[in-house]
Amino acid sequence: MTSSIPIASTIAPSLSASTGATVELIGVVKNYGTHRALNSIDFSITPGEFVALLGPSGCGKTTALRALSGLELIDGGRIVIDGDDVAGVPTNKRDIGMVFQSYSLFPHLTAIENIEFGLRMRRVSASERRGRATEALDMVGLASFAERFAHQLSGGQQQRVALARALVTRPRVLLLDEPLSALDAKVRVQLRDEIRRIQIELGITTVFVTHDQEEALAVADRVAVMREGVIEQIGTPEELYSAPSTPFVADFVGLSNRIAAELVDGRVIVHGASMALLGEPMADGPVTAFVRPENVEIVSSGVPATVVSSSFLGSLRRTQVILSDDSLLSIQHHVDLRPQQGDPVFVRLTASPVSAVRRTL
Ligand code: ADP
Ligand code: MG
């Protein structure tokens with residue numbers, strides 16, 4: 001049903017932000033009792049930029065958003081929006097729009113009344129309120145759903161209303177905390193792309209929290225990978241994927257084979273391949289290397305292996321093989337090559353640089 005919703009093609013002028021704000025987090029610390037949820041977080045976001053905060057559950061993503069919004073007071077560092085330290089500024093004065101994972105619409109208000117709510121709080125006149133709320137509803141493709149209550153809307157539609165409600169006050173910054181997590185896969189992708197389209201058209205500075213690496217890579221200008229209260233790496237999706245600066249990032253972003261290898265003279269040596277090491281240099285010795293499936297090839301002669309399975313994924317095929325040492329390797333290759341289960345094949349690692357961690361024997 002959601003797929004048939006018409007998508008508004010232009011953004012109403014009354015919703016356009018003049019320019020997005022700059023947002024800076026400088027050494028931000030947040031403690032919950034003895035637990036340090038944010039351990040000196042630093043990053044800055046340029047006007048109109050879309051940054052995804054990506055990391056496993058419990059790494060501090062929500063805490064970072066709540067600190068930005070003022071819902072959580074910080075224990076150290078500074079948060080600066082458009083050059084102003086917002087330390088003493090309450091949430092409702094920070095000029096921030098928020099969308100959360102769980103549907104947060106007021107159940108006793110219709111879609112349009114939900115969107116008008118923030119304008120009512122700001123004492124915008126009734127006629128202007130209705131006009132702006134209608135434009136916002138149109139922007140998210142729900143013009144004909146104005147009188148519906150939350151229970152009469154699908155999950156995806158409720159999140160569209162929540163997005164319109166967050167944007168109708170023309171905030172300087174948009175914060176989204178796993179807004180798509182509760183939706184099914186197809187709606188999730190549609191809404192994700194639509195959030196991005198609207199964000200670009202409005203030029204609003206946006207922080208999007210997710211634990212889904214594919215989602216982060218798909219929508220963000222830059223992705224900040226978080227782990228246990230710190231940012232491991234911040235970079236464009238391409239940078240994170242091709243040049244992860246830590247093994248955690250290599251493992252968390254994209255698929256990787258974990259291969260037992262040796263570091264010799266600073267290079268990763270395994271299965272006859274010699275690969276440059278990404279990230280910090282390490283002492284020679286046993287390591288686990290993270291090798292992308294597209295950096296393993298099926299060739300006419302090389303390391304012998306046996307095909308375990310092969311799946312057609314539309315534009316490519318992913319084949320799993322087992323080597324004589326019982327290790328499994330995932331290989332990504334062209335669809336024209338159709339290995340069958342049990343086939344003997346030869347594989348080869350390409351010379352692409354890899355991340356690695358020390359391997360204890
Ligand atoms: P994420 O959003 O990345 O899943 P959170 O920011 O919600 O993670 O939580 C980070 C850490 O802080 C977790 O260990 C969590 O248990 C803890 N935490 C979050 N909120 C509170 C709170 N109100 N009181 C105590 N601990 C909290
Ligand atoms: Mg969270």
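Indexing begins at 1, ligand by ligand and atom by atom, following the structure's order.
Atoms of ligand 1 lying under 4.0 Å from at least one heavy atom of Thr63, given by number and element, are 5 (P), 6 (O), 9 (O), 10 (C). Listed by atom number, the atoms of ligand 1 under 4.0 Å from Ala37 heavy atoms are 12 (O).
Atom CG of Leu73 is surrounded by 12 or fewer heavy atoms from other residues, nucleotides or ligands within 6.0 Å.
Inclusion of Thr62 in the first shell of the Mg ion (ligand 2) is supported: an N, O or S atom falls under 2.8 Å.
Within the 4.0 Å heavy-atom shell around ligand 1 one finds Gly60.
Salt bridge status for Glu228 with Arg36: absent, with no side-chain N to carboxylate O gap under 4.0 Å.
Under 4.0 angstrom from ligand 1, the non-hydrogen atoms of His35 all belong to its side chain.
A cation-pi arrangement, defined by a distance under 6.0 Å to the six-membered ring centre and an angle within 45 degrees of its axis, is present between Arg165 and Phe106.
Remark: minimum distance from atom 19 (C) of ligand 1 to any protein heavy atom is reached at Tyr32 CE1, 3.3 Å. Nearest non-hydrogen protein atom to atom 10 (C) of ligand 1 is Gly58 O, 3.4 Å.
Rounding to the nearest 0.5 angstrom, the gap separating the CZ atom in Arg148 from the CG atom in Asn114 is 14.5 Å. Distance check, rounded to the nearest 0.5 Å: OG of Ser181 to CG of Asp212 gives 8.0 Å.
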>> side chain to side chain contact (heavy atoms under 4.5 Å, CB included), that's the test. Do Asp75 and Tyr32 meet it? Break it down for me.
In response: CA-CA 10 Å; Asp75 298 305; Tyr32 292 115; over 6 Å; no
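There is a protein heavy atom less than 4.0 angstrom from atom 4 (O) of ligand 1. Remark: atom 15 (C) of ligand 1 lies closer than 4.0 Å to no protein heavy atom.
Closest heavy-atom contact between Arg160 and Val140: NH1-O, 3.0 Å.
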